[in-house]
> 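Before I ask anything, let me first share the structure, which is written out below as structure tokens.
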Amino acid sequence: MDVAHCHLEGNADAVEFCPHESYRHVLAASTYTLQEGDQPSRAGSISLFDVDADTSRLDLCHRVETAGIFDIKWNPVGECGVDPLLAQADADGYLRIHSLGCSADEVKGWSLREIGDEKISSSMCLFLDWNPSATAITVGLSDGSVSIVSLAESQLETQEIWKAHDFEVWTTSFDIHRPQLVYTGSDDCKFKCWDLRDGPSKLAFQNSKVHTMGVTCIAKNPSDPNTVLTGSYDEYLRVWDVRSISKPVNEMSTCLGGGVWRIKYHPFLSSLVLAACMHNGFSIVNINGGKTEVIETYSKHESLAYGADWHRGVSFHEGKGNATLVATCSFYDRLLQIWMPESDLKLHQDIVL
């Protein structure tokens with residue numbers, strides 16, 4: 001069911017609901033627009049919205065102009081009373097941190113204030129992920145490198161950078177159960193894991209035989225320390241047991257079509273995944289052991305399906321509703337959609353996170 005929509009000022013590539021209590025109605029959306037000409041430039045923006053499903057409202061609170069953005073992520077939930085932080089990976093090779101706070105204009109609600117930045121590389125920053133304690137961020141770069149950046153008292157500092165892949169690192173992710181491990185995926189079709197202990201980082205494992213095109217996304221199962229998902233330009237969603245990385249759990253995997261660009265686990269139901277499938281819209285997938293099943297698709301976008309996220313609604317967690325709000329965005333048509341799945345998601349419940 002469609003709830004609300006709007007068009008952004010630039011090409012839309014990422015959407016992220018704030019996970020912090022009291023801020024869960026806040027949605028951030030980022031853009032990346034290549035401005036061609038004699039001196040081409042990559043421009044971007046972050047827009048903050050106040051989302052109210054009950055009244056079908058999507059109100060713009062704040063917009064900040066930036067370099068072209070490839071990825072944004074809120075910091076994991078931590079100390080109470082601390083303002084949420086939003087990290088930005090951009091085309092200028094910077095990692096930037098913004099703090100969410102009340103706007104000076106109380107009518108508009110919320111605003112972002114940049115509190116720190118770090119020039120990672122002359123290459124573009126393509127992807128970022130926070131460690132569980134929000135003290136470090138891993139960044140994937142367009143030259144095949146991966147960086148680990150520490151954050152302490154608003155100060156960013158590059159701790160390590162190394163050549164991890166032959167081509168663009170589209171995705172990198174901390175293992176939330178073992179944060180000394182970092183996963184990476186690249187246009188070189190390789191899926192790797194690195195051990196950060198006793199640096200420099202050491203290769204823990206790699207698989208270079210299964211993905212037939214670039215690895216674009218990696219997601220660790222929040223409730224299972226051994227399960228990791230990968231998505232690829234080859235259109236397959238794969239389930240892995242990190243104890244046996246030579247082949248996926250389900251050798252057949254699941255073809256979602258279009259190229260799997262982003263995958264997000266449901267915040268409360270550990271068997272459900274939201275996938276952005278580039279040329280094939282968005283899918284909600286149920287994963288039960290090694291078996292995967294597409295239970296719903298969403299095709300109201302007319303361009304590349306890039307950004308997707310679940311709302312962390314308290315009412316769903318408390319059993320007061322069967323639907324979870326979803327935000328999705330598409331690139332060239334600059335469309336941001338807020339919708340609710342038609343399916344009763346709790347019918348696919350196995351573990352409530």
Side-chain angles (χ1 to χ4, degrees), residues 5-16 27-49 58 60-73 86-98 111-114 116-128 137 139-147 149 156 158 161 163 165-172 186-188 213-214 216-217 233 258-259 261-262 276-281 301-308 327-337:
H5 74 275
C6 74
H7 288 86
L8 301 179
E9 296 295 310
N11 298 336
D13 58 5
V15 287
E16 294 282 327
L27 175 71
S30 66
T31 66
Y32 168 94
T33 305
L34 177 62
Q35 298 173 330
E36 299 180 359
D38 295 335
Q39 294 182 316
S41 63
R42 296 174 173 87
S45 65
I46 301 174
S47 298
L48 287 184
F49 295 91
L58 178 65
L60 178 65
C61 302
H62 178 70
R63 177 179 290 122
V64 56
E65 303 299 322
T66 66
I69 293 176
F70 285 97
D71 195 25
I72 53 174
K73 293 279 188 351
L86 183 69
Q88 155 193 335
D90 68 38
D92 286 352
Y94 274 88
L95 176 67
R96 302 181 188 274
I97 305 293
H98 304 268
S111 65
L112 292 172
R113 176 176 59 90
E114 185 176 318
D117 64 50
E118 175 80 350
K119 176 75 170 178
I120 306 297
S121 170
S122 58
S123 299
M124 296 183 289
C125 294
L126 303 179
F127 193 89
L128 71 91
I137 297 171
V139 181
L141 298 163
S142 60
D143 67 353
S145 298
V146 173
S147 178
V149 183
L156 291 167
T158 301
I161 186 167
K163 184 74 170 179
H165 290 271
D166 298 325
F167 302 115
E168 292 91 338
V169 177
W170 292 122
T171 183
T172 176
S186 166
D187 228 30
D188 61 11
M213 298 180 73
T216 51
C217 51
Y233 284 131
W261 183 251
R262 287 288 180 269
C277 301
M278 296 181 68
H279 299 282
N280 199 37
H301 293 264
E302 297 180 356
S303 180
L304 290 170
Y306 271 168
T328 51
C329 71
S330 44
F331 196 65
Y332 293 113
D333 60 0
R334 305 182 173 189
L335 180 61
L336 169 64
Q337 287 272 19

> L95 and side-chain contact (heavy atoms from CB on, under 4.5 Å): which partner among L156, T158, D117?
L156

> Without swapping roles, check the side chain of S142 against the backbone of M124 for a donor-acceptor pair under 3.5 Å.
yes

> Does the side chain of Q88 come under 3.5 Å of the side chain of H98 through a donor N or O and an acceptor N or O?
yes

> May I have the step-by-step check of side-chain contact (heavy atoms from CB on, under 4.5 Å) for E16 and L27, ending in yes or no?
CA-CA 6 Å; E16 294 282 327; L27 175 71; 5.7 Å; no

> Do you know which two heavy atoms are closest between G10 and T33, and how far apart they sit?
CA-OG1, 3.4 Å

> I need the minimum non-hydrogen distance between C217 and W261, along with the two atoms involved.
CB-O, 3.4 Å

> With a 4.5 Å limit on heavy-atom distance, are the side chains of D90 and T66 in contact?
no

> Say you draw a straight line from CG of L86 to CZ of R96; how long is it, rounded to the nearest 0.5 Å?
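Output value for this atom pair is 13.0 Å.
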
> If only atom types and distance count, is the side chain of D187 paired as donor or acceptor with the main-chain N or O of F167 below 3.5 Å?
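Side chain of D187 to backbone of F167, a donor-acceptor pair under 3.5 Å: no, none is there.
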
> With rounding to the nearest 0.5 Å, note down the distance linking NE2 in H7 to SG in C329.
12.0 Å

> Atom CD of residue position E302 - does it have more than 12 heavy atoms of other residues, nucleotides or ligands inside 6.0 Å?
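Check fails, neighbour count at 12 or below.
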
> Quick check: does any side chain N or O of K119 sit under 3.5 Å from a backbone N or O of D92, one acting as donor and the other as acceptor?
yes

> I need the S123 OG to L141 CG distance, nearest 0.5 Å.
6.0 Å

> For A29 and V15, work out which heavy atoms get closest and say how close.
CB-CG1, 3.9 Å

> When rounded to the nearest 0.5 angstrom, what distance separates CG in L128 from OG1 in T171?
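L128 CG to T171 OG1: 10.0 Å, rounded to 0.5 Å.
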
> How far does OG of S330 sit from NE2 of H301, to the nearest 0.5 angstrom?
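Going from OG on S330 over to NE2 on H301, the span is 4.5 Å.
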
> Do the non-hydrogen side-chain atoms of E168 and F127 ever get within less than 4.5 Å of each other?
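Answer no - side chains too far apart.
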
> Under the criterion side-chain hydrogen bond (donor to acceptor under 3.5 Å, both in side chains), I'd like the reasoning laid out for Q35 against S41: C-alpha separation, chi angles, the key distance, then a yes or no.
CA-CA 5 Å; Q35 298 173 330; S41 63; 2.9 Å; yes

> Given side chains that start at C-beta, do those of L60 and S47 come closer than 4.5 Å, heavy atoms only?
yes

> Supply the atom-to-atom distance S121 OG to D143 CG, rounded to the nearest 0.5 angstrom.
5.0 Å

> Using every non-hydrogen atom in the two residues, find where A308 and A276 come nearest and quote the distance to one decimal.
CB-CB, 4.3 Å

> Does the side-chain hydrogen bond (donor to acceptor under 3.5 Å, both in side chains) test come out yes or no for T31 and E9, once each step is laid out?
CA-CA 8 Å; T31 66; E9 296 295 310; over 6 Å; no

> Compare every heavy atom of C125 with every heavy atom of F70, then report the nearest pair and how far apart it is.
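Residues F70 and C125, closest heavy atoms: CD1-O, 3.3 Å.
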
> For E65 and S45, work out which heavy atoms get closest and say how close.
OE1-CB, 4.0 Å

> Under 4.5 Å between any side-chain heavy atoms of L304 and H279, yes or no?
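Yes, side chains in contact.
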
> Is L336 close to F49 at the side-chain level, that is, under 4.5 Å between some pair of heavy atoms?
yes

> Would you check if M278 and Y306 make a side-chain contact, meaning some heavy-atom pair closer than 4.5 Å?
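Yes, side chains in contact.
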
> Step by step, work out the side-chain contact (heavy atoms from CB on, under 4.5 Å) result for S30 and D13.
CA-CA 6 Å; S30 66; D13 58 5; 2.9 Å; yes

> Could you label the plane-to-plane angle of the W170 and Y233 rings as parallel, tilted or perpendicular, counting under 30° as parallel and over 60° as perpendicular?
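Ring orientation of W170 relative to Y233: perpendicular.
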
